[in-house]
Amino acid sequence: MAKKNKKNSKINQKIRKYFDDDPFDVGIARVSTQTLSELFSFLGIYDIDQNRDMLIKMARMLWSEADSDFRADILNFFAHEGKIYKSTIQKEPNLDRDDKIDTLIDELNVSHEEAVLLHEAFSDVRSKKITIEKMESKLRHIRYNLKKEHIEKKVDGVFDIDDSLEFNASLHYVLYGQSFHKILTLNTKVYDYDYLQDTNEELLIKEISEEKERVVAKKQQEIESFIKNLSDPHPYLTQKEIVSALRATPPKTKVSYPLIKESILSSIISGELGNVEIELHDEELLVRMEQSLKLPHSDKNLPYILELHVELNSLLDDIWKGNKLDFSQVINDSKKEHEEQFLSDLNSLVDECGSYATLLHLTPAALHSKVYDVLLEQLSASLNISPKVARKTVKRFVHSIHDEIAKKQRYELLARTIRDFKNLFPLARDMRRKLTLHIGPTNSGKTYQAMQKLKSADTGYYLAPLRLLALEGFEDLKESGIEASLITGEEQIVSEDATHISSTIEMVNFDVDVDVCVIDEVQMLDDRDRGWAWANAIIGAPAKEIIMTGSPNAKEAIVELAKYLGEELEIIEFERKNPLTLLDSPVSEKDVEESTAIIAFSRKDVLKLKQTFSKYFSVSVVYGNLSPEVRREEARRFRAGETQILVATDAIAMGLNMPIKTILFSKAEKFDGVNDRSLIPSEIHQISGRAGRYGMHENGYVGALSADVLSVIKKNFYKEAKTITIPFKVMANLDHIKLVGSILEEKSLHEILNFFVKNMEFDGPFVATNLDDMLEASILVDSYDLDIATKYHLACAPLTLKSPYIVAAYESYLGALEKKMPISYTTPLLVGSYAQTTDELLRAEDMVKEISLYLWLSYRFGDYFIDANRARASRGVLNKFIENSLQQSQLASRCRMCKAPLPPNSPYGICQACFKKNYTGHGVSRGYRSK
């Protein structure tokens, strides 16, 4: 662009040659119509009005708008023509700059000095721009400056920019026995421009000289007053420091008070504010002090250096006058300004970072924390987020969340992949299944009819809630001449010719299709911990007909599940085969009859009741901690008449067929794994239904050992059980876990299970099941270097986490598997043929559980758990030991402090001696010392 303008300028100057030094727009008006017409023809423009005025107007327009090449063509035309179009207007002679200046100076009355200065003033001005008016104006200014310079010499001073006279004066200081003079720079009043210009110079010199004397006298008086008013002693300065400050003050300063050395100022201010840094400037003091700011949505305090800009004159005023120094206002104002600006900038920065992290749905606290992680390391000591720091922070923040964003995207992909839960069972979805529901109370024949249908099918599956019932189902099939296999977590009896399989519900194989599958106790759908197994089985069991048996309160839930699956559902309702009578009054211990089952809800209560009733009867015992073999043997003894009564937990409610005439509740509360609570109607119905088994006792009776318990039983006995409602609990199997792990790129089983529990949403009526125990086990397995499939199987193992004995054995197995070492089973040592105390019995029960765990793992890791046969043999010995123990009339408890035997049926966990020693005045209470 610059080159183009320069070229145009040269063409403009050259064409003036042909127009008598006039510009093109002026000279073109002197060109004839014919020449103008020839010009347009030369330029290739033919279609134009030949009117002279129009030709001139068009020529001017072309020249104005044309580029340098077009202007060059016009110049070439007139150059070729060679004619000069003279102006008829008389022109002034074109003098050069110096000649013109001299000509104009001759018209003015100026001195030689003034003439020289005028030449200097216009030395850079173009000749045409120089006029007599400009020369006269400049001459007045020159004469004004010369006058001021002459006055300055006479009065020994210099006019300041505001036209006051600045001069040096010697001032006298007398203090603390010392006397000295000091040169200070002072100023007179300001003189008006016109006054200085128009007033006689001699008068001005006289007036300014008198003004100087007045100013000096006034300053001397101020100094004497200042010294007189100094505090003695001074609160901030020593006499030596005061004298030094007055001596060292420069002649000219921008403050009204004597300057103080920077080191002394630092000491004074540090005395008021603590450890600070100062920096002295002409008119202010910069104070740097440490402060901190509590960061939003965090418990972090950000340290920073606060800069205080203190007006120096005001500070010196307070110091010299000995006033109390108060920085609170300036600190508060500065803190507020800095922190508000920082928080505003921080808020904008967090908002910008948040816009990149919307997919993560971060809480404000989490978002701020991530921003702080990348911001704080970049901040300088000052509280300032510069544009550069902000850009770097956003860039690093985006980089820091990249993996999380990618993981979240994988989460969404995973959710879409397994959201429709039924599609995770492709074999079942490919079959045209029929669902049949047998509902009715206990002893109504619903399970019997389902088993008959199963026996008549070519192939089939029986899914039981308990290992003991799976074993009974297996034996029932075998007794009916059907070749069958038994598959439970810790025991597998597999026949290659089997057409039917009896298994615990968790062991169902979703890859083996059959004609009929019986799912027993379907109301377990509502179980907090195991309900997922029933939901998975109903949705995914690959059978042409699924027959479910359960209580009436499961009906609506099964209907909803069938709608979701889009499968045919037939409901068959059953009635109880014999009457069940609720007793009007409680039954005392001495009035209990044979064929009675006493119900308690803890192992401790069962064993206490056994000891109580062993005085009158032979007793069988059934509770959950016993192995299935022992429970079965105890039930056999009761069924065979070898024992007269049964003391049991609600474990008998799940399908155990025994000749019970009367059910008596000892309590009406139970611990459900979370809280102690009253029994609900469905539990009372299920347990009560075991009385009066069809073909054994035609009438069944239900009662309680106490009036308060009977009251609760009566209140709920005739109530309908609470309807089971959606959503259903579901759980991922190994294939699902592998899918989750691969999509999330996650090796931690705990993280995968957590994802399933907290993040999975389903299109159907489902929620992720409670996996508390499995999550707790996954923490243990994640501590070892194992693949995800191994971790999953280990976390699914029958693990009693409350038993230190079991957990210790479990961890030893994990360590051996990590090292790929064989795991042998060590036969436990038993003292005697039965337990002497309840603690010994509990230890034996835990030993059986350890064997169950060992056998369960041996079916999944057969190459490492090499002593399955020895473990089974030991289980037989332990079961016999437990059976013998349960047949003893009394089992002693031991004091938890001194281990001494406790009296039979003692309600306390410690003996009388330990109680007196630790909790009464006869001894010192544990945790305190006597004075």
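Because the structure is a prediction, the values reported are computed rather than measured. Residue numbers run from 1 in the order of the sequence given.
- One N or O on the side chain of Ser123 and one on the backbone of Glu120 form a donor-acceptor pair closer than 3.5 Å.
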Pair up each side-chain donor or acceptor in residues 151-162 with any protein partner under 3.5 Å, not counting sequence neighbours, and list the distances.
{"residue": "Glu152", "atom": "OE2", "partner": "Phe159", "partner atom": "N", "Å": "2.7"}
{"residue": "Asp162", "atom": "OD1", "partner": "Ser164", "partner atom": "N", "Å": "3.1"}
{"residue": "Asp162", "atom": "OD1", "partner": "Ser164", "partner atom": "OG", "Å": "3.0"}

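- Under the 30°/60° scheme for interplanar angles, the aromatic rings of Tyr173 and Phe180 are found to lie parallel.
- In His141, the NE2 atom is not crowded: 12 or fewer heavy atoms of neighbouring residues, nucleotides or ligands sit closer than 6.0 Å.
- Atoms NE2 and CG, on His338 and Leu308 in that order, are 8.5 Å from each other to the nearest 0.5 Å.
- By the 4.5 Å heavy-atom criterion applied to side chains, Ile264 and Tyr236 are not counted as neighbours.
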For Met289 and Ile331, run side chain to side chain contact (heavy atoms under 4.5 Å, CB included): C-alpha distance rounded to whole Å, both residues' side-chain angles, the deciding distance at 0.1 Å, then the answer.
CA-CA 10 Å; Met289 58 189 301; Ile331 291 173; 3.9 Å; yes
Apply the test side chain to side chain contact (heavy atoms under 4.5 Å, CB included) to residues Leu306 and Leu383: give CA-CA distance (whole Å), side-chain angles for both, the deciding distance (0.1 Å), then the verdict.
CA-CA 8 Å; Leu306 178 66; Leu383 202 61; over 6 Å; no
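- Within the 3.5 Å criterion, the main-chain N or O of Ser263 finds no donor-acceptor partner in the side chain of Ser267.
- The distance from the CE atom of Met54 to the CE atom of Met61 is 9.5 Å, given to the nearest 0.5 Å.
- Rounding to the nearest 0.5 angstrom, the gap separating the CG atom in Asp102 from the CG atom in Asp106 is 6.5 Å.
- Heavy atoms from other residues, nucleotides or ligands lying under 6.0 Å from NZ of Lys300 number more than 12.
- Around atom CG of Asp198, more than 12 heavy atoms belonging to other residues, nucleotides or ligands sit under 6.0 Å away.
- Note that the CD atom of Glu224 and the CG atom of Leu171 stand 9.5 Å from one another [nearest 0.5 Å].
- The main-chain N or O of Asp99 is found under 3.5 Å from a side-chain atom of Thr103 such that the two form a donor-acceptor pair.
- Taking 4.5 Å as the limit, some side-chain heavy atom of Ser170 sits within range of a side-chain heavy atom of His181.
- Residues Leu325 and Ile319 meet the side-chain proximity criterion, which asks for heavy atoms closer than 4.5 Å.
- The only option from Trp63, Phe70, Phe42 that meets the ring pair (Phe, Tyr, Trp, His ring centres under 6.0 Å) definition with Phe77 turns out to be Phe42.
- No donor-acceptor distance shorter than 3.5 angstrom exists from the side chain of Ser64 to the backbone of Arg60, with no hydrogens or angles considered.
- Of the candidates Glu166, Glu211, Glu207, Lys189 forms a salt bridge (charged side-chain N to carboxylate O under 4.0 Å, His left out) with just one, namely Glu207.
- Ion pair Asp20/Arg30 not flagged as a salt bridge, since none of the NZ, NE, NH1 or NH2 atoms sits closer than 4.0 Å to an Asp/Glu carboxylate oxygen.
- Formation of a donor-acceptor pair under 3.5 Å by the Ser334 side chain with backbone atoms of Glu307 is found in this model.
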What pairs of donor and acceptor atoms, side-chain ones from residues 274-281 against any protein atom, are under 3.5 angstrom apart with sequence neighbours left out?
{"residue": "Glu279", "atom": "OE1", "partner": "Arg288", "partner atom": "NH1", "Å": "3.3"}
{"residue": "Glu279", "atom": "OE1", "partner": "Arg288", "partner atom": "NH2", "Å": "3.2"}
{"residue": "Glu279", "atom": "OE2", "partner": "His281", "partner atom": "NE2", "Å": "2.9"}

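- Every residue two or more places apart in sequence or in another chain that forms a salt bridge (charged side-chain N to carboxylate O under 4.0 Å, His left out) with Asp317 is listed here: Lys321.
- Checking side-chain atoms of Arg126 against main-chain N and O of Arg97 turns up no donor-acceptor pair under 3.5 Å.
- A 4.5 Å side-chain heavy-atom check between Leu293 and Leu343 finds at least one atom pair inside the cut-off.
- More than 12 heavy-atom neighbours from other residues, nucleotides or ligands sit within 6.0 angstrom of CD on Glu262.
- By the 4.5 Å heavy-atom criterion applied to side chains, Tyr372 and Leu346 are counted as neighbours.
- Listed by first then second residue, pairs satisfying salt bridge (charged side-chain N to carboxylate O under 4.0 Å, His left out) with a partner in residues 134-146 read Glu114-Arg143, not counting sequence neighbours.
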Applying side chain to side chain contact (heavy atoms under 4.5 Å, CB included), run through Ile268 and Leu237 and close with a yes or a no.
CA-CA 9 Å; Ile268 292 171; Leu237 303 167; 4.1 Å; yes
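- A heavy-atom distance below 4.5 Å is not found between the side chains of Asp73 and Asp69.
- Ring orientation note: the planes of Tyr85 and Phe78 are nearly perpendicular, at an angle over 60° on the 30°/60° scale.
- Shortest non-hydrogen contact noted between Asp282 and Leu312 is O-CD2, 3.7 Å.
- Residues Leu259 and Pro250 share a closest heavy-atom pair of CD1-CD, 3.8 Å.
- Annotation for Asn109: atom CG does not count as buried by contact number, only 12 or fewer foreign heavy atoms lying within 6.0 Å.
- Taking His172 as the reference, Ser179 meet the side chain to side chain donor-acceptor pair (under 3.5 Å) condition, with sequence neighbours excluded.
- Within the 4.5 Å cutoff, side-chain heavy atoms of Val116 are placed close to those of His112.
- Ser348 places a side-chain N or O within donor-acceptor distance of the main-chain N or O of Ser344, the cut-off being under 3.5 Å.
- The line from CG of Leu186 to CZ of Arg214 is 11.0 Å long, rounded to the nearest 0.5 Å.
- Counting only heavy atoms from C-beta outward, the side chains of Ile223 and Lys182 never approach each other to under 4.5 Å.
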Pair Ile28-Leu36, side chain to side chain contact (heavy atoms under 4.5 Å, CB included): steps then yes or no:
CA-CA 9 Å; Ile28 197 66; Leu36 287 170; 3.8 Å; yes
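- For Lys370 (side chain) and Phe397 (main-chain N/O), no donor-acceptor pair under 3.5 Å exists by modelled atom type.
- Closest heavy-atom contact between Leu196 and Leu204: O-CD1, 3.5 Å.
- For the pair Asn12 and Ile15, the tightest heavy-atom approach, listed with the atom from each and the gap, is O-CG2, 3.5 Å.
- Side-chain atoms of Ser209 come within 3.5 Å of backbone atoms of Ile205 as a donor-acceptor pair (strictly under, hydrogens ignored).
- Residues Ile105 and Ala115 come closest through the heavy atom pair CD1-O, 4.0 Å.
- Identified under the salt bridge (charged side-chain N to carboxylate O under 4.0 Å, His left out) test for residues 379-397, with sequence neighbours left out: Glu377-Arg396.
- A distance-only check finds a donor-acceptor pair linking the side chain of Thr393 to the backbone of Val389 [under 3.5 Å].
- Between the side chains of Asp345 and Gln341, a donor-acceptor pair is found at a separation under 3.5 Å.
- Counting non-hydrogen atoms of neighbouring residues, nucleotides and ligands closer than 6.0 angstrom, the NZ atom of Lys294 exceeds 12 such neighbours.
- Taking CG of Leu108 as the reference point, atom CD1 of Ile132 lies at 4.0 Å (rounded to 0.5 Å).
- Between Val31 and Arg52, the shortest heavy-atom contact is O-NH1, 2.5 Å.
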